[in-house]
Each structure stands twice: as C-alpha cells, then as structure tokens.
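A short worksheet on the structure shown next.
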Amino acid sequence: MTPRPSPDVIVDAAWVRDRLEDPDTHVLDVRTQRERDQGYLPGSNLVLWQDLFANLDEMWFKSKDAIRALLEEAGMTPGQQAVTYCAIGMRASLMYFAARYVGIPARVYLGSWNDWRMQTGYPIVGGGA
C-alpha cells in the first residue's frame, strides 16, 4: 500500500505561501512562544496546543465553545479556514483535529516550520531573518 496524502487535509509550503494574504485563510502557529521568537510565517497567530485541554494531565478537551473561543482569540473569524503549523507537523495535526472538531474547515501544513525555513525566498517575520 502506498500512502497518498489527501490534498484537502495536507498542504505544502507553496500552498501556504500562496494564501498568506488570503482573507479566507488564517494561519495558526502551534509552537511555543520561544520557538515563535526565532521566526514565524507572516500573518500567523500563536495558539498553544495545551490550551485545547480542560485537563492536560488526562488530555480532556475543553468544550467546543471554549475551543472555538480559543481559535477566535487567535484571530480566526467566521468563514475562514485554518491552516496549522508547528515545528514538524505533530502539534499542528492536533490543532487541525481540534478545528475540525468544532466545525472549522482546516488543513495542516505537515512540513511546518522546519520545511518553511528551508524554502528559498519564503517570507519569515522576526528571528533575525
């Protein structure tokens, strides 16, 4: 069996770059503040994966309303689709799931920051870039 990433779920750097200024797309940075301080994608907003949980020790999600509010605090507006990224795609996959769980269309940039920073000429904010 050959894995085939689903383009309606997983996106690459070029897809994200082409939508950085698209008002219908909102990029969510799911890294830590310390990681973000090293540079981030233009227009992205930080949202911590840990904030998805009412009980982090037992990994219980907050209510759907609370998760929606968290994403709104991170800049999401009604009608936008979320695009999530982190360092390598793991935390971004969790945030993708949470967005879909609360009814927000979403995609995950699986290559995430480690891929983005390797792209020639792709914009980076901060981090001495």
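- Placement of Val47 and Ile67 within a single hydrophobic cluster is found when ILVMFWY residues are connected by side-chain heavy-atom separations under 4.5 Å, directly or transitively.
- Using a 4.5 Å heavy-atom threshold, the side chains of Asn45 and His26 count as touching.
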Note to self: For a side-chain contact (heavy atoms from CB on, under 4.5 Å) check, start with the C-alpha distance between Leu94 and Phe53, then their side-chain angles and the critical distance, and finish with the verdict.
What the structure shows: CA-CA 11 Å; Leu94 177 65; Phe53 297 98; 3.9 Å; yes

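- Met95 is listed as a side-chain neighbour of Leu71, based on a closest heavy-atom distance under 4.5 Å.
- When all heavy atoms of Leu28 and Ala82 are compared, the closest pair comes out as CD1-CB, 3.9 Å.
- For the ring-ring contact (aromatic ring centres under 6.0 Å, His included) test with Tyr122, the passing option among Trp113, Tyr40, Tyr109, Trp116 is Trp116; the others fail.
- Heavy atoms only, all atoms of each residue included: Asp51 and Leu70 are closest at O-CD2, 3.7 Å.
- Annotation: the span from Gln81 atom CD to Ile104 atom CD1 amounts to 11.0 Å, rounded to 0.5 Å.
- A salt bridge links Arg68 to Asp65: one of the charged nitrogens lies within less than 4.0 Å of a carboxylate oxygen.
- At most 12 non-hydrogen atoms from other residues, nucleotides or ligands lie less than 6.0 angstrom from CZ of Arg100.
- Sparse packing is recorded around CD of Glu21, with 12 or fewer heavy atoms of other residues, nucleotides or ligands lying under 6.0 Å away.
- For the pair Leu110 and Ser93, the minimum side-chain heavy-atom distance is below 4.5 Å.
- Separation of atoms CZ (Arg107) and CG (Asp12) is listed at 11.0 Å; rounding is to 0.5 Å.
- In this structure, the side chains of Val83 and Arg19 stay at 4.5 Å or more apart for every pair of heavy atoms.
- When the side chains of ILVMFWY residues are joined at heavy-atom separations under 4.5 Å, either directly or via intervening members, Trp49 and Met90 end up in two distinct hydrophobic clusters.
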Next item on the list: Evaluate the side-chain contact (heavy atoms from CB on, under 4.5 Å) criterion for residues Tyr85 and Val11: first the C-alpha distance (whole Å), next the side-chain angles of each, then the deciding distance (0.1 Å), finally the verdict.
Entry: CA-CA 10 Å; Tyr85 81 96; Val11 296; over 6 Å; no

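- Pairing each heavy atom of Leu46 with each of Gln33, the nearest pair is CD2-OE1, 3.1 Å.
- Heavy atoms only, all atoms of each residue included: Cys86 and Ser112 are closest at N-OG, 3.0 Å.
- Residues Val30 and Tyr101 share a hydrophobic cluster, clusters being chains of Ile/Leu/Val/Met/Phe/Trp/Tyr side chains in contact below 4.5 Å.
- No donor-acceptor pair closer than 3.5 Å links the side chain of Thr25 to the backbone N or O of Asp22.
- Taking every heavy atom of both residues into account, Asp29 and Ser44 meet most closely at CB-OG, 4.1 Å.
- Here the closest non-hydrogen pair linking Arg31 and Leu48 is O-CD2, 3.4 Å.
- With Gln80 contributing its side chain and Pro23 its backbone, the two residues share a donor-acceptor pair below 3.5 Å.
- In this structure, Phe97 is not a member of the same hydrophobic cluster as Val108, with clusters built from ILVMFWY side-chain heavy atoms closer than 4.5 Å.
- Met59 and Val102 end up in the same hydrophobic cluster when Ile, Leu, Val, Met, Phe, Trp and Tyr side chains are linked at under 4.5 Å.
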